[in-house]
Amino acid sequence: MLAQPKPYCTPENYLELERKAAYKSEYFKGEIVAMAGASRNHNRIKENLSGSLGSYVKGKGWQTFSSDFRLHVLENGLFTYPDLVIVCGEPDLLDSTFDTLLNPTILVEVLSESTKDYDRGGKFMLYRNIPTFQEYILVDSEQIRVEAWYKPEKGFWTLRKETGEVDDSLTIQTLDLTLPLRDIYEQTVGLLS
């Protein structure tokens, strides 16, 4: 959440405004906050991951969604737009408008200078309230660096992987998928040697 908050009183007001808005905003505890635009590297990384993950899960009972699909955390009231969402099975949706997801299994955030602290801290804490949420992947858009957090069923969140080595790989444990960091960062500007 980056811009100045605009207070509104209810989630219903937010959804009514958001569904008509030309730009995306997050909502939490009565405040609507406009989301900032993303950099070229941010978008390139998101597209690289989206392509790899989308083709991998095809036909396996999983679905991927990009940052235009809103997520709602029922347990704390957050409405937000993760960069990528992966759902095991059928999506559970807020209402018949079919634009707000409730049951993510894996969430991926591409970090930027203005969002990295929130994505690692407060937002991760809010995401942890989602009962179906098992894995959190953070990919930096300004340097080669990934973090993979995992929570087994009835377990505790653990940092499984943190690396800044371009020749290393990222394993998404829930999917049993390993991706080379070079593929994740392919065609970024100024990051690969």
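If you're wondering where the values come from, they're calculated on a predicted model, not measured in any experiment.
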Nearest non-hydrogen partners of [X] and [Y], listed with the distance:
| X | Y | answer |
| --- | --- | --- |
| S169 | T178 | OG-CG2, 3.4 Å |
| S141 | I45 | CA-CD1, 3.6 Å |
| S66 | L84 | CA-CD2, 4.1 Å |
| Y185 | N48 | C-ND2, 4.0 Å |
| F79 | P11 | CE1-CB, 3.8 Å |
| L181 | L170 | CD1-N, 3.7 Å |

Run I144 and L192 through side chain to side chain contact (heavy atoms under 4.5 Å, CB included) and show every step you take. CA-CA 8 Å; I144 306 284; L192 293 175; 3.9 Å; yes
Would you say the side-chain atoms of [X] pair up with the backbone N or O of [Y], donor to acceptor, closer than 3.5 Å?
| X | Y | answer |
| --- | --- | --- |
| N41 | T188 | no |
| T132 | P104 | yes |
| Y118 | G121 | no |
| E135 | T174 | yes |
| T115 | L111 | no |
| T158 | F156 | yes |
| D119 | S112 | no |
| E18 | S25 | yes |
| D168 | T163 | no |
| N76 | L126 | yes |

Enter the distance from [X]:[atom1] to [Y]:[atom2] here, rounded to the nearest 0.5 Å.
| X | Y | atom1 | atom2 | value |
| --- | --- | --- | --- | --- |
| F133 | K151 | CZ | NZ | 9.0 Å |
| L53 | I86 | CG | CD1 | 4.5 Å |
| L101 | R70 | CG | CZ | 11.0 Å |
| L94 | L15 | CG | CG | 6.0 Å |
| Y14 | R19 | OH | CZ | 9.5 Å |
| D92 | H72 | CG | NE2 | 11.0 Å |

Just do the side chain to side chain contact (heavy atoms under 4.5 Å, CB included) check on L71 and L107 with the steps written out, would you? CA-CA 10 Å; L71 172 67; L107 295 172; 4.1 Å; yes
In the single-linkage hydrophobic clustering (I, L, V, M, F, W, Y; side-chain heavy atoms under 4.5 Å), do V85 and F98 co-cluster? yes
Cluster link I106 to Y150, ILVMFWY, side chain under 4.5 Å: no
Take a 6.0 Å sphere around CG of D95 and say whether it holds more than 12 heavy atoms from other residues, nucleotides or ligands. yes
Are there over 12 heavy-atom neighbours, none belonging to K60, within less than 6.0 Å of that residue's NZ? yes
Side-chain heavy-atom pair [X], [Y] within 4.5 angstrom cut-off:
| X | Y | result |
| --- | --- | --- |
| F69 | L93 | yes |
| V139 | K46 | no |
| V87 | N103 | yes |
| L78 | N129 | no |
| P131 | E75 | yes |
| E90 | Q63 | yes |
| V108 | I172 | no |
| E47 | Q187 | no |

For residues 31-62, pull every pair meeting ring pair (Phe, Tyr, Trp, His ring centres under 6.0 Å), keeping only residues two or more places apart or in separate chains. none
Checking side-chain contact (heavy atoms from CB on, under 4.5 Å) against F65, which of S50, P91, P82 comes through? P91
Name all residues meeting the side-chain contact (heavy atoms from CB on, under 4.5 Å) criterion together with E113; count only those two or more places apart in sequence or in a different chain, and write none if there are none. K116, E142
Evaluate the side chain to side chain contact (heavy atoms under 4.5 Å, CB included) criterion for residues R145 and E162: first the C-alpha distance (whole Å), next the side-chain angles of each, then the deciding distance (0.1 Å), finally the verdict. CA-CA 7 Å; R145 177 150 300 284; E162 181 176 15; 3.5 Å; yes
Go through the steps for D68 and K24 under the test side chain to side chain contact (heavy atoms under 4.5 Å, CB included), then give the verdict. CA-CA 8 Å; D68 287 331; K24 297 182 295 190; 3.5 Å; yes
With sequence neighbours left out, the residues meeting ring pair (Phe, Tyr, Trp, His ring centres under 6.0 Å) with F124 are Y136, W149, W157
Option passing salt bridge (charged side-chain N to carboxylate O under 4.0 Å, His left out) with E147 (candidates R120, K161, R160): R120
Any carboxylate oxygen within less than 4.0 angstrom of a Lys/Arg side-chain nitrogen, looking at R182 and E186? no
Side chains of Q134 and T105: any donor to acceptor distance under 3.5 Å? no
